[in-house]
Amino acid sequence: MSNENPNFLTPNSRPAPQTLGEFLIDNQSDFPFASGELTRLLNSIRLAAKVVNHNVNQAGLVDITGAAQNINVQGEEQMKLDVFADVTFINTLTNREIVCGIASEENEDFIVVSGSDGGHKQHYVVLIDPLDGSSNIDINAPVGTIFSIYRRITPQGTPCKIEDFLQPGNMQVAAGYVLYGTSTIMVFTTGNGVNGFTLNPALGTYYLSHPNMRFPEKGNIYSINEGKYATFPQGVKDYLKYCQKEEGDRPYTSRYIGALAADFHRSLIKGGIFLYPQTSKAPTGKLRLLYECNPIAMLAEQAGGKASDGEQRIMEVKPTELHQRVPFFCGNAKMVEDVEGFIAKTKKVKAKA
Ligand code: AHG
Ligand code: MN
Ligand code: MN
């Protein structure tokens, strides 16, 4: 029987999209050491990311809205966005007493969070690149936030120590990024695959838009700052020539945004490889192991890809210092294996000579 009453609501055949909040509650028992603490921590990150997102969106207005809006209530000058993002994440996490320590790319040393009772009860430490690709701000191109979460190894109830932060990437319990692009998306893993949540800015709610993200079977995009070609190791130069050769499914396409979070996001969705090798000026590479490479490596592996320093798995590199840099090759498994192959070949030739 058809219903002719216009006020009669028929259920929409499409299921309602799941919000990030619902997802976290529904999957709480899958999280390692489920105590609600990791859920609260991810909640704090999504909240801080909304504040940063709002400011990133205002960036183009800062110069034309004049000094009045440029000065905050304390009469201080407007902060640069990377400093603003850093302060926002640190304040959000410390005010909620959710972690026992934070290390940020923006700060020389890590921060010890003590809790209002002075008890150092929290189980987790966070490492963060608060604004990745910050030079893109000036040109209205995407930027990101990259984060990495570990369970502390020092005893609960004591202040966290450097060893809580210097853990290899394979000890991460969660990792992710927020990409402030044409839309804002938070992509993260807790070790059970990778999921992406797009922010509806009108409602301030993130919705599950990219469930169970996986690299496509094959990739055909390579992403590197090719201006530095002359300073790359021979194995990387050989791989680039291979990418450009007209043969089979090659030449590959070249794309470079200059923000790891954005370049990785494209590789994950379209299939490809991101490369930041050592150069003669930066003999250990440019990217930071703890704030950039480890979290992106965990996401890559969880999505069926690989991440390497050219010779070994990134997540097995034992960190020795907070701001350590490493060469970084990450993306479709086959593409990462190919570049490792070219690097190994030049090593063998050198060893023979
Ligand atoms: P950050 O803005 O956090 O310093 O990071 C920028 C990084 C990374 O996101 C990007 O892939 C790389 O630097 C770009 O470096 P080049 O300008 O040397 O290509
Ligand atoms: Mn960065
Ligand atoms: Mn940064």
Contact check, side chains of [X] and [Y], non-hydrogen atoms, under 4.5 Å:
X	Y	value
Leu260	Ile146	yes
Ile224	Val236	yes
Val125	Phe110	no
Arg152	Thr158	yes
His120	Val112	yes
Tyr256	Ser254	no

Using modelled atom types only, decide if a donor and an acceptor are shared between the side chain of [X] and the backbone of [Y] within a distance under 3.5 Å.
X	Y	answer
His323	Glu108	yes
Asn195	Asn212	yes
Glu105	Arg288	no
Gln302	Gly193	yes
Asp132	Gly144	no
Asp164	Lys161	yes
Asp263	Ile257	yes
Lys50	Gly204	yes
Gln324	Thr320	yes
Gln172	Asn294	yes

What's the spacing between [X] [atom1] and [Y] [atom2] if we round to 0.5 Å?
X	Y	atom1	atom2	value
Tyr239	Glu340	OH	CD	11.0 Å
Met335	Cys243	CE	SG	6.0 Å
Tyr291	Leu322	OH	CG	4.5 Å
Leu287	Glu292	CG	CD	5.0 Å
Arg266	Leu179	CZ	CG	11.0 Å
Asn225	Thr279	CG	OG1	9.5 Å

Can you name the nearest heavy-atom pair linking [X] to [Y], along with the distance?
X	Y	result
Ala307	Cys330	CB-SG, 4.0 Å
Ala303	Leu268	CB-CD1, 3.5 Å
Pro168	Met315	CB-O, 3.6 Å
Leu299	Gly176	CD1-CA, 3.8 Å
Val326	Cys293	CG2-SG, 3.7 Å
Ser267	Pro216	O-CD, 4.4 Å

Evaluation steps, side chain to side chain donor-acceptor pair (under 3.5 Å), between Tyr206 and Thr184: CA-CA 9 Å; Tyr206 297 87; Thr184 295; over 6 Å; no

For [X] and [Y], take the angle between the two ring planes, folded into 0 to 90°, and tell me which bin it lands in: parallel under 30, tilted 30 to 60, perpendicular over 60.
X	Y	answer
Phe197	Phe188	parallel
Tyr242	Phe342	tilted
Phe274	Tyr276	tilted

Evaluation steps, side-chain contact (heavy atoms from CB on, under 4.5 Å), between Val317 and Asp309: CA-CA 9 Å; Val317 175; Asp309 68 357; 4.2 Å; yes

Can you tell me if [X] has over 12 outside heavy atoms packed within less than 6.0 Å of its [atom1]?
X	atom1	result
Asp249	CG	yes
Lys318	NZ	yes
Lys237	NZ	yes
Arg255	CZ	no

When you group the ILVMFWY residues by side-chain heavy-atom contacts below 4.5 Å and let the links chain together, are [Y] and [X] in the same group?
X	Y	answer
Leu290	Phe147	no
Val51	Leu81	yes
Leu41	Val194	no
Met171	Phe165	yes
Leu127	Val113	no

Close aromatic pair by centroid cut-off 6.0 Å: Tyr222 and Tyr252: no

Test item: side-chain donor near acceptor, Arg46 and Asn43, under 3.5 Å: yes

For Asn107, side-chain hydrogen bond (donor to acceptor under 3.5 Å, both in side chains) partners two or more places apart: Asp86

Audit row: Lys281, Thr231, side-chain contact (heavy atoms from CB on, under 4.5 Å) steps and yes/no: CA-CA 8 Å; Lys281 262 200 190 150; Thr231 74; over 6 Å; no

Worked verdict on Ile269 versus Met213 for side-chain contact (heavy atoms from CB on, under 4.5 Å): CA-CA 8 Å; Ile269 288 182; Met213 297 174 85; 4.1 Å; yes

Test salt bridge (Lys or Arg N to Asp or Glu O under 4.0 Å) applied to Arg250 and Glu247, step by step: CA-CA 5 Å; Arg250 288 168 286 138; Glu247 194 173 270; 3.0 Å; yes

Under the side-chain contact (heavy atoms from CB on, under 4.5 Å) test, residues paired with Thr198 that sit two or more places apart: Ser183, Ile185, Ser209, His210

From CA spacing to verdict: side-chain contact (heavy atoms from CB on, under 4.5 Å), Met186, Leu199: CA-CA 8 Å; Met186 178 164 165; Leu199 177 67; over 6 Å; no

